[in-house]
Amino acid sequence: MQISFLIVTKNRLEDLAFTLKKLELLVDLSIHEVLVFVDGCSETETIISNFSWVKWTVSKKSISASPARNVLYKKAKGDVFIGLDDDAHPLSLNFIKEVKRVFSQYNNLGIIAFQEIRGLFTSDTLALQQSKQTKSYFTNDFVGCGFAIKKDVYNKTNGFPVWMDIYGEESALAIEVLDQGFSILYYPNIKVNHRVNVKKRQIERKNYFRFEKQLKNTICYFLVYYPNPILKILKALWHNFKKYALKDKVYFVVFIKVSFLTFAGFSKILKHRKPIKKETLKIKQDLQLLNYST
């Protein structure tokens, strides 16, 4: 098996069906496979029979994105894993060929980060017209809606963290890949359309759920991976307090809640503590930051 496409889905039936129909045009099932984890959403189960060529894993209870990925990736057999969100799809028919070519070009390459083109478009041609960056560079992170990782590289890490639920799991895997001596390449010529409503997201700026998860996971990330995490944790808390909690009552309540619960649960997180090498921190700091889409 050469390529495994891996998708975790929850409550996005139409988006998932759209993505699978796009993948059906790309894959050769004699050498490729598509695996989907249904994370506690019974409605999604109704389309399983429509995509019999997909390898389904169904969890009756939601376990959240990162643990679901951890389970799913253990089942993949491809030499290369391609991770997609259920609302993201490749934008070229030579997508797989390009992924294989880029990996063959760099011996020490662990992860390829694709260009994420956000928005709802009537055609892939229109989506491609929104492409902005053409220059590739080595970076220290990737976005989960579109990336590729070598199986043997993934297996040298702890995989997607089971101690994290959602928002931040990519950074955890990325730092472990770097600590194993592999590189991460942002390669914008490989593109995916992340089919999100950009205008709606701009209107809904106060995303308290995302804030809660990202703050909690940031604290845990430093605690698990950094040799001396206390200063980094305090800086993260102060930054989020000034930027969010001081300006919004709901953010303030969420900030206090996360701070209390996270510190109360330190002992559970410490069980996963595995600090990275100081050399890795230096490498991470020197790498160009990933230019996330807006």
Side-chain angles (χ1 to χ4, degrees), residues 3-8 19 65-70 72-73 76 78-92 95-96 98-103 105-118 131-161 164-196 210 213-214 217-218 221 224-225 276 280-281 283-294:
I3 303 287
S4 296
F5 286 89
L6 299 128
I7 301 170
V8 170
T19 296
S66 189
R69 281 175 164 175
N70 188 285
L72 189 63
Y73 280 53
D79 296 327
V80 171
F81 299 164
I82 295 179
L84 296 172
D85 278 0
D86 52 11
D87 59 350
H89 68 275
L91 283 174
S92 63
F95 176 86
I96 294 175
E98 272 294 279
V99 169
K100 292 166 65 177
R101 186 191 65 79
V102 174
F103 271 128
Q105 188 176 346
Y106 300 92
N107 293 329
N108 208 42
L109 183 58
I111 295 176
I112 305 172
F114 308 150
Q115 181 176 175
E116 173 194 12
I117 299 176
R118 291 185 183 180
S131 178
K132 296 178 180 179
Q133 295 174 299
T134 58
K135 185 178 180 180
S136 61
Y137 55 83
F138 289 101
T139 184
N140 56 23
D141 211 345
F142 66 96
V143 291
C145 72
F147 70 98
I149 182 170
K150 289 181 179 178
K151 179 180 181 179
D152 60 349
V153 172
Y154 183 84
N155 287 342
K156 289 179 180 178
T157 72
N158 292 309
F160 283 103
M164 189 180 288
D165 41 22
I166 191 171
Y167 301 135
E169 65 269 26
E170 295 90 354
S171 295
L173 179 58
I175 201 168
E176 291 198 23
V177 167
L178 293 174
D179 201 44
Q180 289 293 330
F182 297 98
S183 59
I184 302 170
L185 179 69
Y186 174 68
Y187 192 79
N189 288 336
I190 303 178
K191 314 175 199 300
V192 294
N193 177 203
H194 193 187
R195 304 183 306 276
V196 297
R210 182 184 290 268
K213 296 299 182 182
Q214 288 183 332
N217 291 337
T218 296
Y221 171 86
V224 169
Y225 293 118
I276 62 171
T280 303
L281 277 180
I283 292 171
K284 182 179 185 296
Q285 291 167 358
D286 291 341
L287 285 167
Q288 183 173 338
L289 294 177
L290 185 65
N291 187 11
Y292 296 98
S293 297
T294 56

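- Two residues are said to be in side-chain contact when any heavy atoms from C-beta on lie closer than 4.5 Å; Phe5 and Ile96 meet this criterion.
- Summarising the geometry of Pro161 relative to Ser66, their closest heavy-atom pair is O-OG, 2.6 Å, with the distance given to 0.1 Å.
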### Message
Show, in sequence, the C-alpha distance, side-chain angles and deciding distance for Leu91 and Gln115, and conclude whether the side chain to side chain contact (heavy atoms under 4.5 Å, CB included) test is met.
### Response
CA-CA 10 Å; Leu91 283 174; Gln115 181 176 175; over 6 Å; no
### Message
Under the criterion side chain to side chain contact (heavy atoms under 4.5 Å, CB included), I'd like the reasoning laid out for Asp87 against His194: C-alpha separation, chi angles, the key distance, then a yes or no.
### Response
CA-CA 6 Å; Asp87 59 350; His194 193 187; 3.1 Å; yes
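- Formation of a donor-acceptor pair under 3.5 Å by the Asn217 side chain with backbone atoms of Tyr167 is found in this model.
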#### Entry: Test side chain to side chain contact (heavy atoms under 4.5 Å, CB included) applied to Leu173 and Tyr154, step by step
CA-CA 8 Å; Leu173 179 58; Tyr154 183 84; 4.0 Å; yes
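- What you find for Lys191 and Ser131 is that their closest heavy atoms are NZ-OG, 3.1 Å.
- Checked by atom type and distance alone, the side chain of Thr19 never pairs as donor or acceptor with a backbone atom of His89 at under 3.5 Å.
- Once rounded to the nearest 0.5 Å, the distance linking OH of Tyr73 with CZ of Phe160 reads 4.5 Å.
- Atom CG of Leu185 is separated from atom CZ of Phe103 by 9.0 Å, given to the nearest 0.5 angstrom.
- Distance check, rounded to the nearest 0.5 Å: OG of Ser171 to CE of Met164 gives 7.5 Å.
- Taking both residues in full, the closest heavy atoms of Asp85 and Ile7 are given as C-CG2, 4.2 Å, listed atom of the first, atom of the second, then distance.
- If you take CD1 on Ile184 and CD1 on Ile112, they are separated by 11.5 Å, rounding to the nearest 0.5 Å.
- Among pairs with a residue in residues 168-186, those fulfilling salt bridge (charged side-chain N to carboxylate O under 4.0 Å, His left out) read Arg69-Glu169, Arg69-Glu170, Asp179-Lys277, at least two apart in sequence or across chains.
- Atom NZ in Lys284 sits 8.0 Å away from atom CG in Leu289 (nearest 0.5 Å).
- Ring centroid separation for the pair Tyr187 and Tyr106 does not come in under the 6.0 Å cut-off.
- Between Phe114 and Phe95, the two ring planes are perpendicular [angle over 60°; tilted spans 30° to 60°].
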### Task
Please report the C-alpha distance between Lys100 and Val80 in whole Å, then the side-chain angles of each, then the deciding distance to 0.1 Å, and finally whether the side chain to side chain contact (heavy atoms under 4.5 Å, CB included) criterion is met.
CA-CA 8 Å; Lys100 292 166 65 177; Val80 171; 5.8 Å; no
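- Residues Ser92 and Glu98 have side chains that never bring a donor and an acceptor to within less than 3.5 angstrom of each other.
- The minimum heavy-atom distance linking Ala148 with Ile82 is given by the pair CB-CG1, 4.0 Å.
- The closest donor-acceptor contact from the side chain of Asn140 to the backbone of Ala174 lies at 3.5 Å or more, if one exists at all.
- What you find for Cys145 and Ala88 is that their closest heavy atoms are O-CB, 3.5 Å.
- Summarising the geometry of Ile166 relative to Ala65, their closest heavy-atom pair is CG1-CB, 4.0 Å, with the distance given to 0.1 Å.
- Side-chain atoms of Thr157 do not come within 3.5 Å of backbone N or O of Val177 as any donor-acceptor pair.
- With Asn193 contributing its side chain and Ile117 its backbone, the two residues share a donor-acceptor pair below 3.5 Å.
- Taking CD1 from Ile175 and CD1 from Ile276, the interatomic distance works out to 3.5 Å, rounded to the nearest 0.5 Å.
- A heavy-atom distance below 4.5 Å is not found between the side chains of Gln288 and Tyr186.
- Looking at Asn108 and Ser183, their side chains never bring a donor and an acceptor atom within 3.5 Å of each other.
- The aromatic rings of Phe147 and Phe142 sit tilted relative to each other, their planes meeting at an angle between 30° and 60°.
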